[in-house]
2 protein chains.
Amino acid sequence: MSRIDEKTNWLNKTEMAAWISFIETIGDLQYNLDSDLRESSDMTAGDYQVLVYLSESPERRTRMCDLAARLNLTPSGLTRRLDGLVKEGSVTREVSTEDRRVQLAVLTPQGYRELVAAAPHHVASVRHRFIDRLTTEQLKHLTAAFTNIREGLFE
Amino acid sequence: MSRIDEKTNWLNKTEMAAWISFIETIGDLQYNLDSDLRESSDMTAGDYQVLVYLSESPERRTRMCDLAARLNLTPSGLTRRLDGLVKEGSVTREVSTEDRRVQLAVLTPQGYRELVAAAPHHVASVRHRFIDRLTTEQLKHLTAAFTNIREGLFE
DNA sequence: TCACAATAGTTGCGAGCGCAACTAAAATGG
DNA sequence: CCATTTTAGTTGCGCTCGCAACTATTGTGA
């Protein structure tokens, strides 16, 4: 490959080890966390995210567009995800009285109960798969590293 | 929530910071890397993975089942992904002469040229988004941390 | 004030992929 | 040596989600 672009700055050994360990791990980790959530609470990670964010919002309701931005979903993606939650009765839609363009996603009491029931299992899963594999030192290093990376993404 | 399960071991501040920084970052990171690859080489991350693995295989060919295991895809998922690459002429299928159940995915010269053209841009993207945001120390810490996590997934 | 732009959300369409069912070809074992 | 099991791969179906087009409402500037 070096013939094509002599000045490509290929990864050295340390860099490659970090990249490979990262990229190979996150897929499996997410898969395992997702499976845990499905088994313990019959819920997808995406649905769980919605319930968490709504539960933390004032009056347990949010504008669709805010929710979409928060979850990195397109408007259409969020519409469909909410469709499922509405059908199950975890969330309802309300038209905003201030701006009649906006739909408010509202967490129902049932949705809140589902979240409360799921949360301990999810935390246990995150501990088992992630937190408890690392020392406090490693957790701090990792926070610093990912904060750096995250900031770089918005330059 | 504590009423439901008094003994849930919730995340403390350090743990929560690590978890949030990780989970919030990886989605955006993968999205950016994918976008970079699409822009520079009109290729998905999945297709790139296939080309890389084939290029590293003896005679640039692999059994479908080995490829599926390597890429964490189900057989059906891999069949469909290969369909696209075959249609574009990057890969061909061959029936194995040793075991007539197995299909070999074979990297074509064109597919190899596409990979060679894409690789420098992809490496630059990985550097820009990930490697260059971290010190050598951080890279080593991160490798150790993710190795721990990865090993835990297979217990 | 009124045409035009911007914003919020939904829908049709298509891509990607998992699950279950299926075919074909080995491997096994009585 | 033949019946059963195992393995490899494909296909139908369904799910999730992005893109583009669309409607409805609000904001803006001449």
Side-chain angles (χ1 to χ4, degrees), chain A residues 26-28 30-39 42-51 54 57 61-88 90-106, chain B residues 27-28 30-39 42-51 53-54 57 61-88 90-106:
Chain A
I26 61 172
D28 293 337
Q30 287 182 306
Y31 177 82
N32 278 286
L33 291 169
D34 236 71
S35 300
D36 290 346
L37 197 51
R38 279 199 148 84
E39 283 175 28
D42 191 29
M43 193 184 290
T44 68
D47 289 345
Y48 185 82
Q49 272 190 311
V50 171
L51 300 189
L54 288 180
S57 301
R61 66 192 60 212
T62 343
R63 298 151 48 101
M64 291 287 282
C65 55
D66 296 339
L67 196 50
R70 169 72 202 202
L71 303 177
N72 284 325
L73 281 179
T74 60
S76 70
L78 180 57
T79 294
R80 269 66 170 266
R81 189 178 289 179
L82 266 199
D83 285 346
L85 289 166
V86 167
K87 196 179 301 178
E88 292 165 11
S90 315
V91 174
T92 55
R93 288 186 226 257
E94 283 183 20
V95 178
S96 166
T97 53
E98 300 163 8
D99 184 338
R100 298 205 332 259
R101 289 171 302 184
V102 325
Q103 295 276 335
L104 299 170
V106 186
Chain B
D28 292 339
Q30 286 181 308
Y31 177 81
N32 278 285
L33 292 168
D34 236 73
S35 300
D36 290 347
L37 197 52
R38 278 199 151 84
E39 283 176 27
D42 191 30
M43 194 185 289
T44 67
D47 289 346
Y48 185 82
Q49 272 189 310
V50 171
L51 301 189
Y53 187 63
L54 288 180
S57 300
R61 67 193 57 211
T62 338
R63 298 152 48 101
M64 291 287 281
C65 54
D66 295 340
L67 197 50
R70 169 72 201 200
L71 303 178
N72 283 325
L73 282 180
T74 61
S76 70
L78 180 57
T79 294
R80 269 64 171 266
R81 188 179 288 180
L82 266 198
D83 285 346
L85 289 166
V86 167
K87 197 179 301 178
E88 292 164 12
S90 315
V91 174
T92 55
R93 287 186 225 255
E94 283 182 23
V95 178
S96 166
T97 53
E98 300 163 8
D99 184 338
R100 298 205 331 260
R101 288 172 301 184
V102 324
Q103 295 276 334
L104 299 171
V106 185

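Reminder, nothing fancy here: chain letters follow the sequence lines and each chain counts from 1.
Taking atom CD on B:Q30 and atom P on D:dG18, their separation rounds to 14 Å, with Å as the unit. Regarding B:R93, its CZ atom lies at a distance of 12 Å from the C1' atom of D:dT11, rounded to whole Å. The CG-P distance, from B:D34 to C:dA15, rounds to 17 Å in whole Å. As a whole-Å value, the separation of A:E88 CD from D:dT16 P is 9 Å. Atom CG in B:D83 sits roughly 12 Å away from atom P in C:dA15 (whole-Å rounding). One interatomic measurement links the two molecules: CD of B:Q49 to P of C:dG16, which rounds to 14 Å at whole-angstrom precision. What separates CE of A:M43 from P of D:dC15 is a distance of 18 Å, to the nearest Å. For the pair B:L104 CG and C:dA25 C1', the interatomic distance rounds to 15 Å; values are reported in whole Å.
Across all non-hydrogen atoms, the minimal contact from A:L54 to A:A105 is CD2-O, 3.4 Å. The nearest pair of heavy atoms linking B:T92 to B:V86 is CA-CG2, 4.4 Å. Considering all non-hydrogen atoms of both residues, A:A45 and A:D34 come closest at CB-OD1, 3.0 Å. Scanning all heavy atoms of the two residues, the minimum distance from A:R100 to A:V95 falls at O-CG1, 4.0 Å. Among all heavy-atom pairs drawn from A:M64 and A:L78, the shortest one is O-CD2, 3.0 Å.
Under the 3.5 Å distance criterion, the side-chain polar atoms of B:R81 are matched with a main-chain donor or acceptor of B:G46.
Within 6.0 Å of the CG atom in B:D42, the count of heavy atoms belonging to other residues, nucleotides or ligands does not exceed 12.
To the nearest 0.5 Å, the span separating CG on B:D47 from CG on B:L82 amounts to 9.0 Å.
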Requested in this report: Would you mind building the protein contact string for nucleotides 2-8 of chain C? One character per nucleotide, 5' to 3', B for base within reach (heavy atoms under 4.0 Å), S for sugar-phosphate only, - for untouched.
Outcome: ----BBS
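Within residues 72-82 of chain A, the residues that have a heavy atom under 4.0 Å from DNA chain C are, in order of number, A:P75, A:S76, A:T79, A:R80.
Residues that satisfy the side-chain contact (heavy atoms from CB on, under 4.5 Å) test with A:R101, not counting sequence neighbours, are A:D99.
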